[in-house]
Amino acid sequence: MKSFLNSVSRFIKEEKLMEADGLYLVALSGGADSVALLLCLKDLGYRVEAVHCNFRLRGEESDRDEDFCKRLCEKENVMLHITHYDTRSYASLHGISIEMAARNLRYSYFKQLREDMGAAGICVGHHMEDSVETMLLNIIRGTGIKGVTGIAAKNGHVTRPMLCVSRNEIEDYLKERGQTYITDSSNLVNDVKRNKLRLDVMPLIRGINPSADKKMFETTRRVTEANRVFEHAIEKAAEDSTAVKDNYLFINIERLKRQVSPEYTLYHILSRHSFSSAAIDDIFSNLDNLKNGSIFSSDTHRLVADRGFLVIERNEDKDSRNEKPFMLPESGTYIINETTKVRIKEETTEEGFTPSRSQFTISADASKVKFPLRIRRWTQGDWFIPFGMTGKKLVSDYLTDRKMAFFDKEKQLVMTDAGNNILWLIGQRLDNRLRISGNTKKILTIEFICN
């Protein structure tokens, strides 16, 4: 028992998992792992309270688990928090597996309870074999270096103080302490991948090497240390390959290709923006042949190839993409949205009048402006006559000549008149047909104001 407590105590200190004066919530199912965790932390002098989730998945057995946890906490004088869930309904509603539903519900409750109570962290009873199983499952699915590190000892406010001990050591500790526990019958059936691995595969591996669990766990710890070095290096490579400007992330393709591992550097960057491994492989394999304007999308972001760069922006919401033209029927002040408004004012010309030099203010010959005006995004085929010129110019060509970033170009606004003629590329250039001349009697001043 002393050896077990010393192992856990040493691991907590090595991994900086817990503070001596903090309050910790212990996830208590009633199984050997969670019971040992609660008692072990209590024996080590930590302040703990228990949390039990009844997922109502195993009928009377679920209620039996809850009753056991109540009795245990009463005996040990530990505060117990209990919550109940209709897990099957939740899984059906969200279209996920029962296993994933239980996980989501459990950790969501833990997080909220920790915040409400001001607790320092949440402790869960994963042990050495759990970490080894996770490593093997990741390898079977296909994984990078991080997947070979197994289960993290600490992830945010969730800590795993017993990763350093085996299931046998846990059972021996409980036996010496004279403490019983309950067994979840669903863990004894090889109907899910982890159970198949635990019940069928691991015994075969132990037949080759009885110390396999310990050796593989030691491997996960060594890989964890190596991964820290790797993560530091790959972060430096990502920083060297990227720059942020105007809320866009620019990946310099030439700089990317000079990194020690361009492929993994790109994976490190794009995976943070929800791009799948398949999409990243596709982008990388075509890196030298991407045409300007090639677009790739994830659930949260878009990426476009643009003149030697991969440019990433967060997806616009649906309302922004489908916004309708905003109509301005006459002079006055109009609120477009919370941050933007337009002010239109008509005034008589005066000697010495000087047009504004602001890119978001124009002065036009009022007699040449036909209301109602509209503000919309430009579309393919739009043209205007840029101020100071006499010939037509496609908006697309004008914006390309200005070397505007792809996403900025895509969002460019235009102002049109009653005949859908473009009067102004907002923030860029007035149409020459509206220019003020010696014959101008009234001037229309239009301000596009962004807060």
Side-chain angles (χ1 to χ4, degrees), residues 11-12 14-17 99-100 103 107 124 126-166 193-194 196-198 201-202 205-206 208-209 211-242 249 251-253 255-287 296 298-301 303 310 312:
F11 186 72
I12 290 173
E14 288 175 355
E15 299 293 331
K16 299 180 175 64
L17 300 184
E99 187 180 31
M100 183 58 69
R103 175 184 170 80
Y107 281 102
V124 293
H126 291 122
H127 52 74
M128 185 185 297
E129 286 96 322
D130 291 322
S131 187
V132 170
E133 290 165 6
T134 296
M135 177 190 72
L136 292 175
L137 284 170
N138 288 339
I139 291 172
I140 291 167
R141 296 185 187 110
T143 185
I145 293 175
K146 193 170 183 179
V148 188
T149 62
I151 300 176
K154 186 171 186 178
N155 185 4
H157 288 97
V158 177
T159 65
R160 300 175 173 89
M162 295 201 311
L163 278 182
C164 60
V165 294
S166 68
K193 291 178 182 178
R194 185 175 290 274
K196 288 178 181 178
L197 189 66
R198 178 178 299 157
V201 178
M202 289 306 299
I205 293 176
R206 292 185 192 109
I208 299 172
N209 181 357
S211 301
D213 295 281
K214 184 176 181 180
K215 295 300 182 183
M216 285 191 283
F217 179 71
E218 289 172 356
T219 298
T220 66
R221 297 202 71 186
R222 285 193 291 271
V223 175
T224 296
E225 289 303 309
N227 188 56
R228 286 172 180 161
V229 178
F230 172 78
E231 288 288 339
H232 178 74
I234 208 70
E235 187 63 41
K236 295 286 286 185
E239 289 177 3
D240 185 57
S241 305
T242 60
L249 179 67
I251 303 174
N252 186 311
I253 293 176
R255 281 182 174 272
L256 175 69
K257 288 161 65 175
R258 290 201 294 268
Q259 304 306 321
V260 174
S261 176
E263 184 173 5
Y264 205 92
T265 302
L266 184 65
Y267 176 84
H268 181 77
I269 297 167
L270 296 187
S271 60
R272 292 177 168 182
H273 298 87
S274 303
F275 286 89
S276 66
S277 296
I280 297 171
D281 288 344
D282 189 21
I283 294 168
F284 184 79
S285 62
N286 292 287
L287 203 56
F296 300 83
S298 73
D299 290 338
T300 59
H301 290 77
L303 176 149
L310 302 177
I312 302 171

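Listed for the Ser241 side chain is no donor-acceptor partner under 3.5 Å among the backbone atoms of Ile251. The main-chain N or O of Lys214 is never found under 3.5 Å from a side-chain atom of Ser211 such that the two would form a donor-acceptor pair.
Looking at residues two or more places apart in sequence or on another chain, you find a side-chain hydrogen bond (donor to acceptor under 3.5 Å, both in side chains) between Ser274 and Thr300. Remark: Arg221 engages Glu14, Glu15 in a salt bridge (Lys or Arg N to Asp or Glu O under 4.0 Å) (not counting sequence neighbours). The salt bridge (Lys or Arg N to Asp or Glu O under 4.0 Å) check on Arg258 picks up nothing, with sequence neighbours excluded.
How far CD1 of Ile280 is from CZ of Phe275: 8.0 Å, rounded to the nearest 0.5 Å. Taking CG from Asp213 and CG from Asp130, the interatomic distance works out to 10.5 Å, rounded to the nearest 0.5 Å. Rounding to the nearest 0.5 Å places CD1 of Ile283 at 10.0 Å from CD1 of Ile253. A distance of 14.0 Å separates OG in Ser277 from CZ in Phe284, rounded to the nearest 0.5 Å. Atom OG of Ser261 sits about 5.5 Å away from atom CD1 of Ile234, to the nearest 0.5 Å.
Side-chain atoms of Leu266 and Gln259, non-hydrogen and from C-beta on, never get closer than 4.5 Å to each other. With contacts defined as side-chain heavy-atom distances shorter than 4.5 Å, the pair Met216/Met128 does not qualify. The closest side-chain heavy-atom distance from Lys196 to Val201 is not below 4.5 Å. Leu303 has its side chain out of reach of His273: every pair of non-hydrogen atoms, C-beta onward, lies at least 4.5 Å apart. Residues Val229 and His232 have side chains not in contact (no heavy-atom distance under 4.5 Å, counting atoms from C-beta outward).
Enclosure of atom CZ in Arg103 is not indicated, since only 12 or fewer non-hydrogen atoms of other residues, nucleotides or ligands lie within 6.0 angstrom.
Using a 30° and 60° split on the angle between ring planes, Phe11 and Phe217 fall in the tilted class, from 30° to 60°.
If you run side chain to side chain contact (heavy atoms under 4.5 Å, CB included) between Thr242 and each of Ile269, Leu256, Thr265, only Ile269 comes through. The one candidate from Ile205, Leu136, Val132 that meets the side chain to side chain contact (heavy atoms under 4.5 Å, CB included) condition with Leu197 is Leu136.
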* Which is it for Arg228 and Glu225 under the salt bridge (charged side-chain N to carboxylate O under 4.0 Å, His left out) test, yes or no, and what are the steps along the way? -> CA-CA 5 Å; Arg228 286 172 180 161; Glu225 289 303 309; 2.4 Å; yes
* When you look at Met162 and Val124, which way does the side-chain contact (heavy atoms from CB on, under 4.5 Å) test go after all the steps? -> CA-CA 8 Å; Met162 295 201 311; Val124 293; over 6 Å; no
If you look only at distance, which donor and acceptor atoms sit under 3.5 Å apart when one is on a side chain in residues 153-161 and the other is two or more places apart or in another chain?
{"unit_1": "Arg160", "atom_1": "NE", "unit_2": "His126", "atom_2": "ND1", "d": "2.9"}
{"unit_1": "Arg160", "atom_1": "NH1", "unit_2": "Ala152", "atom_2": "O", "d": "3.0"}

Can you give each donor-acceptor pair under 3.5 Å made by side-chain atoms of residues 140-150, sequence neighbours left out, with the distance rounded to 0.1 Å?
{"unit_1": "Arg141", "atom_1": "NH1", "unit_2": "Asn138", "atom_2": "OD1", "d": "3.3"}
{"unit_1": "Thr143", "atom_1": "OG1", "unit_2": "Gly147", "atom_2": "N", "d": "3.4"}
{"unit_1": "Thr149", "atom_1": "OG1", "unit_2": "Lys146", "atom_2": "O", "d": "2.5"}

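Comment: Glu129 does not engage Arg198 in a salt bridge, judged by the lack of any side-chain N to carboxylate O separation of less than 4.0 angstrom.
Residues Ser131 and Leu163 share a closest heavy-atom pair of CB-CD2, 4.0 Å.
Annotation: salt bridge (Lys or Arg N to Asp or Glu O under 4.0 Å) contacts involving residues 260-276, sequence neighbours excluded, comprise Glu235-Arg272.
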